[in-house]
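See below for the structure under consideration.
Just so you know, ligand 1 is whichever comes first in the structure, and atom 1 is the first atom listed for that ligand. Excluded from the calculations below are hydrogen atoms, water molecules and symmetry mates; all remaining heavy atoms, backbone and side chain alike, are included. All values derive from a computational prediction rather than experimental measurement.
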Amino acid sequence: MSADGVVRLYFNRPEKLNALSTPMVEQLESHLDDIAANADIRLVVLSGTGGRAFIAGADIAEYQGNRHAQFIAYQLQSRRVFDKLEALPQPTIAAVQGYALGGGFELALCCDILVCARSARLGLPEAKLGLSPGGGGTQRLLRAVGRHAAADVMLAGRYLYGERAYQLGLASVFCEDADFDSAVQGHVQALLSMAPLAQTQIKRLMRLGQDCSLPGALSLEQEVLFRLYGTEDGQEGIDAFLQKRAPRFQGR
Ligand code: COA
């Protein structure tokens, strides 16, 4: 963790385009458990190393040989880990350069913000392997971009390039590869400038609201706001605005 509370997680297997092996998923789960329990962590950035890929999907070599029990165990573990990433209280950024395929795209879909370089290629090509996505792709991509854009990615195996992901509203930021690091850093700073308790609650509301009726979700929204108004950060944000100064949020 850096001094400002930012954790950077790197998928570091560039010779295999950062394909997700079982040990990588296990390590990711352990990091996510630690992050969820650490209130000093303000946000998490996920990146691939090597410049060619975020993650090119699950490690297909592990799938060979029709080893059913092992395959199912991997899928169940991935499901659990992806859900944990989505449920983290802190904001998350997927910083995507190059390929984000299969489980790589699905991990990015569990993050709050996608920063995509021009080189980004997001895809769910499982049908090319005779399989279907198993890390939430059919559902999270559908909800993110709608049926027809999602169908093109999954049924025709088409990649969403960085610019297209931005046009579809999937990526919050689109930039040239040369500007990638500064674009990611710019978003980190934007996220750090907001009140952490408010961010956690807003994340929670968006998640819960998706599975609630509208009236129920609207009531929940107001309950959260009433509580935040009573926090030190709520009063600090209002005072700082009126005093024309930057707020100093304490997470209380
Ligand atoms: N699992 C295991 N190994 C993978 C991988 C994956 N998902 N994706 C890439 N690799 C490996 C390649 O086998 C290759 O290893 P090698 O050098 O030992 O042969 C290395 O990474 C580089 O990939 P390569 O295919 O040579 O690069 P490329 O530029 O020609 O093609 C891709 C890049 C991403 C188009 C291609 O690697 C690919 O289609 N990967 C699989 C993507 C996929 O189906 N993901 C979903 C999995 S469920």
Side-chain angles (χ1 to χ4, degrees), residues 9-29 31-32 46-86 94-111 114-145 149-166 168 170-171 174 176-178 180:
L9 298 179
Y10 293 98
F11 297 93
N12 184 21
R13 201 187 170 203
E15 72 285 1
K16 296 288 180 188
L17 302 181
N18 305 322
L20 270 181
S21 62
T22 301
M24 286 165 79
V25 178
E26 281 165 0
Q27 252 188 309
L28 176 61
E29 180 164 30
H31 287 312
L32 293 176
L46 278 67
S47 314
T49 63
R52 284 199 63 209
F54 176 67
I55 298 167
D59 185 341
I60 299 171
E62 290 190 15
Y63 285 4
Q64 206 176 18
N66 209 5
R67 291 171 289 184
H68 244 78
Q70 195 176 327
F71 180 78
I72 290 170
Y74 176 85
Q75 297 301 328
L76 292 175
Q77 181 191 36
S78 299
R79 161 96 193 262
R80 190 175 66 235
V81 175
F82 289 23
D83 286 351
K84 283 184 182 182
L85 173 61
E86 190 174 54
V96 181
Q97 253 185 321
Y99 294 107
L101 303 179
F105 190 9
E106 290 170 317
L107 268 179
L109 285 167
C110 292
C111 292
L114 271 74
V115 176
C116 283
R118 185 174 290 283
S119 67
R121 283 155 174 66
L122 309 165
L124 293 169
E126 282 85 349
K128 223 180 258 180
L129 301 172
L131 303 173
S132 56
T138 59
Q139 302 311 307
R140 291 195 179 100
L141 184 62
L142 173 72
R143 283 161 172 76
V145 300
D152 194 37
V153 171
M154 290 184 274
L155 302 183
R158 301 240 295 179
Y159 295 150
L160 295 176
Y161 285 48
E163 189 166 17
R164 179 78 181 126
Y166 181 65
L168 286 170
L170 195 58
F174 165 66
E176 298 302 329
D177 285 71
F180 185 63

For this session: Look only at the side chain of R140 and the backbone of T138, and say whether a donor-acceptor pair between them is shorter than 3.5 Å.
Result: no

For ligand 1, output the ligand-protein N/O contacts shorter than 3.5 angstrom; if there are none, return none.
residue  : atom   : partner : partner atom : Å
ligand 1 : 1 (N)  : A58     : O            : 3.3
ligand 1 : 1 (N)  : I60     : N            : 2.9
ligand 1 : 7 (N)  : A56     : O            : 3.0
ligand 1 : 7 (N)  : A58     : O            : 2.8
ligand 1 : 15 (O) : K16     : NZ           : 3.4
ligand 1 : 18 (O) : K16     : NZ           : 2.6
ligand 1 : 29 (O) : R52     : NH2          : 2.5
ligand 1 : 45 (N) : A56     : O            : 3.0

Exercise. Is a donor on one side and an acceptor on the other found under 3.5 Å between the side chain of D59 and the backbone of A19?
Worked result: no

Problem set entry | Side chain D177, main chain A117, donor-acceptor under 3.5 Å | no

For this session: Taking the side chain as every heavy atom from C-beta outward, state whether Y99 and I55 have any pair of such atoms under 4.5 Å apart.
Result: no

Problem set entry | Given L101, V153, L122, L124, the one that forms side chain to side chain contact (heavy atoms under 4.5 Å, CB included) with Y159 | L101

Problem set entry | Output field: ring centroids Y63/F71 closer than 6.0 Å | yes

